[in-house]
Amino acid sequence: MGATTLYKAPRGTADILPAEQRHWHYVEERAVALARRHGYQRIDTPVFEVAGLFVRTVGQETDIVQKEMYTFEDRGGEEMTLRPEGTAPVCRAYLEHGMHNLPQPVRLYYFCPVFRYERPQSGRYRQHHQFGVEALGDADPAVDAEVIGMAWGLMQDLGLRDLSLLVNSIGDSACRPAYLDRLREYYAPRLEALCPDCRARHQRNPLRLLDCKRESCQPYALEAPRSADHLCPECQEHWQSLLGHLEILGIPYRQDHRLVRGLDYYTRTVFEVHPQEEGGQSTICGGGRYDGLIQELGGPPTPGIGFATGMERMVLNLQRQGVAVPAEAPRPIAIAHMGPAGQREAIRLARRLRSAGLTVVVTPAARSLKAQMRHASAMGAAVTLILGEEEIRKAEVTLRDMDAGRQESVPVEGLEARLAECTPRPQ
RNA sequence: GUGAGCGUGGCCCAGUGGUUAAGGCGCCUGGCUGUGGCCCAGGUGAUCGAGGGUUCGAAUCCCUCCGCUCACCCCA
């Protein structure tokens with residue numbers, strides 16, 4: 001990739017090459033199957049939205065809004081933003097299409113690219129892909145448990161090991177303000193000892209002091225007042241009920257009172273899944289409840305909860321853990337041929353076999369049979385059909401089993417059935 | 001936005017001042033006329049990230065820029 005390459009994929013974006021597709025399809029397949037088993041339906045929203053949608057819901061103070069959004073003015077002079085997260089658009093769609101008239105909760109899943117202007121590093125991109133689910137219109141803690149169970153279940157289905165599930169409750173508009181005051185009070189006499197970032201956040205966003213990763217700030221965060229200890233009765237009941245459901249489901253959660261989240265719309269339940277070994281961008285999955293979001297968008301008070309997972313991070317962990325994933329494509333049947341007549345027949349035969357559902361590749365023309373065989377072998381062909389003068393005259397093909405190294409003459413008539421017998425197995 | 005490391009053919013990489021930049025993988029061809037995977041031989045392919053400077057002479061030293069990677073911030 002020298003200067004000879006005129007264009008490159010933009011920084012922080014990546015081509016997903018054929019060699020990696022098997023992992024992607026594996027994850028997508030399992031995720032979709034999981035969502036369907038739980039009665040979730042797919043929704044696709046536009047790649048860009050009016051900027052205000054995100055500013056309003058994600059929060060003016062968040063990093064996403066302050067420095068990470070791809071916002072541009074379209075030709076009509078409107079401020080548009082490339083989707084930096086998946087929840088707000090889904091809620092917008094819920095409202096726009098009157099989904100509150102459907103049986104509640106409305107269960108939706110999505111699979112989409114999201115964009116954030118950040119410095120890329122391992123497991124972090126400017127364009128990445130998320131699979132997520134949202135359950136809208138039901139405040140029952142059982143729904144929280146369902147969604148958390150799905151997040152955890154997906155990881156199990158994928159075969160990922162050594163993950164931890166962290167949960168916390170950060171209260172709601174009734175109890176959080178008082179808790180935030182308690183936090184500020186607690187931190188006020190300790191400001192001197194904190195890092196500059198934390199000092200700056202003390203007034204604006206004290207919750208974030210809790211998840212500061214600086215060694216020197218850790219001890220204070222550990223001993224800080226816990227949100228779960230300062231919940232109003234309703235939130236407390238919700239929280240206890242959720243924990244009860246998680247116990248019943250046998251989901252191995254860990255309470256982490258330092259778990260907050262970077263988006264403002266979360267209420268009550270928040271959770272994350274990450275690999276046990278820390279370091280780098282570890283969060284595979286994050287989510288929580290957002291009971292005020294739809295109201296914030298001008299809709300009726302409507303509770304909601306969901307999560308999003310990063311495709312790239314799941315794939316990364318699959319590869320790190322060496323999880324075996326099924327082959328992407330079946331092994332092809334190759335057709336080698338000689339002479340102009342041979343090529344004509346090869347192309348015709350290929351079309352016929354394909355319409356019977358077989359995977360067929362015609363070997364490159366203008367090469368010796370030797371070269372064509374070499375090519376067939378390199379393509380991973382399970383079977384090679386050879387078509388030359390002789391075969392055409394007799395209305396036969398030479399069928400060579402590439403693994404066994406044996407071949408025989410068979411009539412073209414009824415070839416499909418014969419080929420179906422030697423079903424090409426995955427590589 | 002901050003910090004560190006690195007940039008040699010499609011990929012992995014040798015070469016740290018001196019003849020036409022070495023090797024491996026890959027790709028293509030051939031090893032007698034229609035046969036692969038091993039082996040052998042040959043071929044394709046690099047303005048050594050870009051620009052400037054030092055020097056008789058630089059891929060090798062210096063500067064600037066660009067890019068990549070990793071980490072911080074934060075998130076999936």
Side-chain angles (χ1 to χ4, degrees), chain A residues 1-5 7-12 14 17 19 27 58 61-68 83-87 111-132 151 195-198 200-201 205 208 211-215 260-263 272-275 278-287 306-317 334 336-339 342 363-364 366-392 398-407:
Chain A
M1 139 174 50
T4 44
T5 311
Y7 293 109
K8 307 168 58 175
R11 161 171 265 200
L17 302 173
V27 174
V58 173
E61 293 299 323
T62 59
D63 282 354
I64 289 181
V65 169
Q66 292 212 324
K67 51 187 192 188
E68 295 176 358
R83 165 176 57 215
E85 65 102 31
T87 301
F111 178 81
C112 67
V114 315
F115 306 84
R116 289 179 204 167
Y117 190 85
E118 307 179 271
R119 281 287 284 274
Q121 71 190 67
S122 176
R124 192 177 69 185
Y125 304 88
R126 288 184 175 178
Q127 177 185 26
H128 74 277
H129 303 263
Q130 293 187 350
F131 164 75
C195 68
D197 283 339
C198 282
R201 283 187 293 229
N205 199 354
R208 298 225 62 88
D211 70 348
C212 181
K213 283 168 193 119
R214 292 240 188 166
E215 202 65 53
V260 299
R261 304 254 319 138
L263 289 73
E272 284 182 359
V273 175
H274 31 109
E278 292 297 322
Q281 305 307 309
S282 55
T283 307
I284 298 179
C285 169
F307 71 76
T309 58
M311 291 294 295
E312 284 80 356
R313 291 185 186 178
M314 286 189 280
V315 169
L316 184 69
N317 279 278
H337 51 88
M338 259 98 51
T363 267
R367 291 191 191 179
S368 66
L369 182 61
K370 179 195 184 74
Q372 293 185 60
M373 294 303 289
R374 192 157 33 208
H375 186 261
S377 186
M379 298 293 288
V383 166
T384 300
L385 306 178
I386 302 168
L387 262 177
E389 308 278 322
E390 233 177 284
E391 285 86 352
I392 293 173
T398 298
L399 187 159
R400 182 174 179 83
D401 180 321
M402 297 300 276
D403 295 333
R406 278 191 302 267
Q407 63 187 46

Please state whether the base of B:rU35 and the side chain of A:Q372 form at least one donor-acceptor pair under 3.5 Å?
-> no
Any idea which heavy atoms bring A:V260 and A:E272 closest together, and the distance?
-> O-OE2, 4.4 Å
Between B:rU44 and B:rG26, how far is it from one C1' atom to the other, in whole Å?
-> 11 Å
When the P atoms of B:rA59 and B:rG51 are considered, how many whole Å apart are they?
-> 12 Å
Kindly give the heavy-atom pair with the smallest separation between A:H337 and A:Q372, and that separation in Å.
-> O-NE2, 2.8 Å
Whole-Å P distance, B:rC70 and B:rG30 | 43 Å
5'-most by nearest nucleotide on RNA chain B - A:G12 or A:E272 | A:G12
Return the value, rounded to whole Å, for the distance between atom CG of A:L316 and atom P of B:rU69.
-> 13 Å
Nearest non-hydrogen partners of A:P113 and A:R83, listed with the distance | O-NE, 3.0 Å
Contact class for A:E390 (heavy atom, under 4.0 Å): base, sugar-phosphate, or nothing?
-> base
Between B:rC63 and B:rC25, how far is it from one C1' atom to the other, in whole Å?
-> 37 Å
Ignoring backbone atoms, test whether A:R374 places a side-chain nitrogen or oxygen under 4.0 Å from the OP1 or OP2 oxygen of B:rC28.
-> no
For A:R367 and B:rG34, give me the distance from atom CZ to atom C1', rounded to whole Å.
-> 17 Å
Please report the closest heavy-atom contact between A:L369 and A:A336, naming both atoms and the distance.
-> CD1-CB, 3.9 Å
How would you label the contact of A:Q66 with the nucleic acid (heavy atoms, under 4.0 Å): base, sugar-phosphate, or nothing?
-> nothing
Do A:R126 and A:Y117 meet the cation-pi criteria used here (NZ or CZ under 6.0 Å from the six-membered ring centre, within 45° of the axis)?
-> yes
For residues A:S282 and A:H274, report the shortest heavy-atom separation together with the two atoms involved.
-> O-CB, 3.4 Å
Starting at CD of A:Q66, measure out to CD of A:E61 and round the result to the nearest 0.5 Å.
-> 5.5 Å
Just call it for A:E85: base, sugar-phosphate, or nothing, with non-hydrogen atoms closer than 4.0 Å on any strand.
-> nothing
Within the structure, does a side-chain N or O atom of A:R11 lie under 4.0 Å from either OP1 or OP2 of B:rG67?
-> no
For A:E118, answer base if it contacts any base atom (sugar-phosphate contacts may also be present), sugar-phosphate if it contacts only those atoms, and nothing otherwise; contact means non-hydrogen atoms under 4.0 Å.
-> base
Which pairs pass side chain to side chain donor-acceptor pair (under 3.5 Å) with one or both residues in residues 376-391 of chain A, sequence neighbours excluded?
-> A:E391-A:T398
Rounded P spacing from B:rC13 to B:rG18 in Å = 24 Å
Starting at OG of A:S122, measure out to CD of A:E312 and round the result to the nearest 0.5 Å.
-> 11.5 Å
Upstream residue (5' side of RNA chain B) when A:R261 and A:Y117 are each assigned their closest nucleotide = A:Y117
Write down the distance separating the P atoms in B:rG42 and B:rA58, rounded off to the nearest Å.
-> 33 Å
When rounded to whole Å, the CD1 to C1' distance for the pair A:I392 and B:rG34 reads 12 Å
B:rU29 phosphate, OP1 or OP2: any side-chain N/O from A:S368 under 4.0 angstrom?
-> no
What integer number of Å spans the P atoms of B:rA4 and B:rU47?
-> 31 Å
What base-paired stems does RNA chain B take part in, with at least 3 consecutive Watson-Crick or G-U wobble pairs and both distances under 3.5 Å?
-> B:1-7 with B:66-72, B:10-12 with B:23-25, B:27-31 with B:39-43, B:49-53 with B:61-65
Under 4.0 Å between any heavy atoms, over every strand shown, what does A:A308 touch: base, sugar-phosphate, or nothing? Just pick one.
-> sugar-phosphate
How far does the C1' atom of B:rC65 sit from the matching atom of B:rG7, given to the nearest Å?
-> 14 Å
Classify the nucleic acid contact of A:I386 as base, sugar-phosphate or nothing, counting any heavy atom under 4.0 Å across all strands shown.
-> base
Grab the two heavy atoms, one from A:P84 and one from A:I64, that are nearest each other, plus how far apart they are.
-> CB-CG2, 3.8 Å
Round to the nearest Å and state the distance from A:R406 atom CZ to B:rG37 atom C1'.
-> 16 Å
Starting from P on B:rC32, measure out to NZ on A:K370 and report it in whole angstrom.
-> 8 Å
Rounding to a whole Å, what distance do you find between A:H337:NE2 and B:rU35:P?
-> 16 Å
Give one of base, sugar-phosphate or nothing for A:A336, where a contact means two heavy atoms less than 4.0 Å apart.
-> nothing
Between A:R400 and B:rG36, does any side-chain N or O lie under 4.0 Å from OP1 or OP2?
-> no
N or O in side chain of A:Q121 less than 4.0 angstrom from B:rA71 OP1/OP2 = yes
Verify the contact: side-chain N or O of A:S122 to OP1 or OP2 of B:rC70, cut-off strictly under 4.0 Å; return yes or no.
-> yes
Which part of the nucleic acid, if any, lies within reach of A:Y125 when heavy atoms closer than 4.0 Å are counted: base, sugar-phosphate only, or nothing?
-> base
Using whole Å, report how far CG of A:L369 lies from P of B:rU35.
-> 6 Å
Sub-3.5 Å donor-acceptor pair from the side chain of A:T309 to the main-chain atoms of A:F131, do we have one?
-> yes
Are there any protein N/O atoms within less than 3.5 Å of an N/O atom in nucleotides 3-8 of chain B, and if so, which ones and at what distance?
unit_1: B:rG3; atom_1: O6; unit_2: A:R119; atom_2: NH2; d: 3.1

Which nucleotide in the set B:rG34, B:rA76, B:rG36 lies at the smallest distance from any side-chain heavy atom of A:L263?
-> B:rA76
Look at the side chain of A:Q127 and the backbone N and O of A:G12, then say whether any donor-acceptor pair between them is shorter than 3.5 Å.
-> no
A:H128 over B:rA76, stacked by centroid distance under 5.5 Å, angle under 30° = yes
Gap separating the CE atom of A:M373 from the CZ atom of A:R400, nearest 0.5 angstrom = 5.0 Å
Please report, rounded to the nearest Å, how far the C1' atom of B:rG26 is from the NE2 atom of A:H375.
-> 13 Å
Which part of the nucleic acid does A:G405 contact within heavy-atom distance under 4.0 Å: base, sugar-phosphate only, or nothing?
-> base
